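Single-structure report; data block below.
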Number of protein chains: 2
Amino acid sequence: MTNASLSRETLLPKLAAHVLEHGLGGASLRPLAKAAGTSDRMLIYHFGNKETLISDLLEYIAGIYSAALDMALGETRPATRQECFERILALGRGPAMQPFMVLWWEIVAGSARGLPGYKEAAEQMMAKQLVWLEGQMPEDDPDPAGGARYLLTLIEGSLMLTVVGHAQTAREGLLASDLAPS
Amino acid sequence: MTNASLSRETLLPKLAAHVLEHGLGGASLRPLAKAAGTSDRMLIYHFGNKETLISDLLEYIAGIYSAALDMALGETRPATRQECFERILALGRGPAMQPFMVLWWEIVAGSARGLPGYKEAAEQMMAKQLVWLEGQMPEDDPDPAGGARYLLTLIEGSLMLTVVGHAQTAREGLLASDLAPS
DNA sequence: TTCCTCTTGTAGCGATTGCTACATTGATCT
DNA sequence: AGATCAATGTAGCAATCGCTACAAGAGGAA
């Protein structure tokens, strides 16, 4: 058992790396196994079946996403909600977060479709992002909790619009909000 | 040619119905063909290969989505941005739009992944939703174009949060925005 | 040693994938 | 009538899918 668990935990990082690069949808056992340095036979041995492999993998990915957010904490807190919004949006659009972004929308789609494990992972990732965002709110913000939720909604909407080629639309929308640069 | 085109246009509605119910990811030729009352053989004959079939199908779906929006035009224009927001959010969360919603996030994911045809369809669907939303803005709104873009960003962010089980988060975020009910 | 359990490789199963070669229809055109 | 051509069915291809049966090695317990 201890050995099996150890192997599982050894496998997960490499599986996650493969999925971050090639996506969840087309992920099949043999390519996953090759990326992790084993065989499909062993993946089934360690995880039981593909469904729980994906579930466990999503849970693990949610964990490293959380760690990535912690490492992206800014040195200085932004002074305004607008600055906070723009800083985080730039982070989300940046190349470092791009593999996560591409995978993220796949997780959202799986969550909408009801695929096992997807909604749990998505829920956890959003919850983490929310508390992270609360910590990034301006110090003098009158309502950090509500403000974080408001910004989260706007940021995710903007990121989605960006992904489908409507970054300009999101940018123009910001100008009509209470976050518009004065 | 005329006959082939006619057949293609006859097939597309049934293909769209199947995809709206079962998703794009797992869509393979034989189930698609069965749903459309033909064979995989004929799907390839009419569309050339699966990739252009999916592209054409996405384009067609964008069209019927546009038509569905036109049919969902309200009798009365909302009086405030807040009312407009809530009305449209309720529409998006309603059961009638649910098949579209589930498919939508799959299209967003494909767009992020760069799958052929996905980004074009997503772009078109968002553009349509945008002009539709502009027509739904309050009559006395000082900036209908900017306001529609702002609302679109907020609505899509809220819908995404809803899909991953964070509807409450979106609701609380709204309270911290300038759309909060007075 | 002898057993026993954990781990792994080899080989393969039946199902499904996108796609194609070949033959046949039925209608239209000359 | 004979030729032509789009449309369709049948059969099957090689590749891949998730998963499993079987055997063999390894290492600790008796």
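Scope of the values below: all heavy atoms of this structure, side chains included, with no hydrogens, waters or symmetry mates. Each chain gets a letter, A, B and so on, in the order its sequence line appears, and its residues count up from 1. All values reported here derive from a predicted model rather than from experimental measurement.
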Using the salt bridge (Lys or Arg N to Asp or Glu O under 4.0 Å) rule, collect all pairs that involve residues 100-111 of chain A, keeping only residues at least two apart or in two chains.
A/E106-B/R113
Quick note, ring-ring contact (aromatic ring centres under 6.0 Å, His included) partners involving residues 111-148 of chain A, not counting sequence neighbours, are none
Taking ring-ring contact (aromatic ring centres under 6.0 Å, His included) as the cut-off, I'd like each qualifying pair that reaches into residues 49-98 of chain B, sequence neighbours left out, listed once.
B/Y65-B/F100
Figure out the CG/P separation between B/L43 and C/dT17, and round it to whole Å.
12 Å
Check whether any side-chain heavy atom of A/L32 lies under 4.5 Å from a side-chain heavy atom of A/K14, and answer yes or no.
no
How would you list, by chain and number, every residue that makes a side-chain hydrogen bond (donor to acceptor under 3.5 Å, both in side chains) with A/E172, sequence neighbours excluded?
A/Q168, B/R149
Is B/T38 touching bases, backbone alone, or none of the nucleic acid, heavy atoms closer than 4.0 Å?
nothing
Between B/H46 and D/dT8, does any side-chain N or O lie under 4.0 Å from OP1 or OP2?
yes
In whole angstrom, give the distance that lies between atom OH of A/Y45 and atom P of D/dC22.
18 Å
Applying side chain to side chain contact (heavy atoms under 4.5 Å, CB included), name anything that partners A/A17, two or more places apart in sequence or on another chain.
none
Send over the distance from B/M42 CE to C/dC22 P, rounded to a whole Å.
19 Å
Close N/O contacts between protein and nucleotides 18-21 of chain C (under 3.5 Å):
{"residue": "C/dG18", "atom": "OP1", "partner": "B/K50", "partner atom": "NZ", "Å": "2.6"}
{"residue": "C/dG18", "atom": "OP2", "partner": "B/L29", "partner atom": "N", "Å": "2.8"}
{"residue": "C/dG18", "atom": "N7", "partner": "B/R30", "partner atom": "NH2", "Å": "2.7"}
{"residue": "C/dG18", "atom": "O6", "partner": "B/R30", "partner atom": "NH2", "Å": "3.0"}
{"residue": "C/dC19", "atom": "OP2", "partner": "B/K50", "partner atom": "N", "Å": "2.8"}
{"residue": "C/dC19", "atom": "N4", "partner": "B/D40", "partner atom": "OD2", "Å": "2.5"}
{"residue": "C/dA21", "atom": "N6", "partner": "B/R41", "partner atom": "NE", "Å": "3.4"}

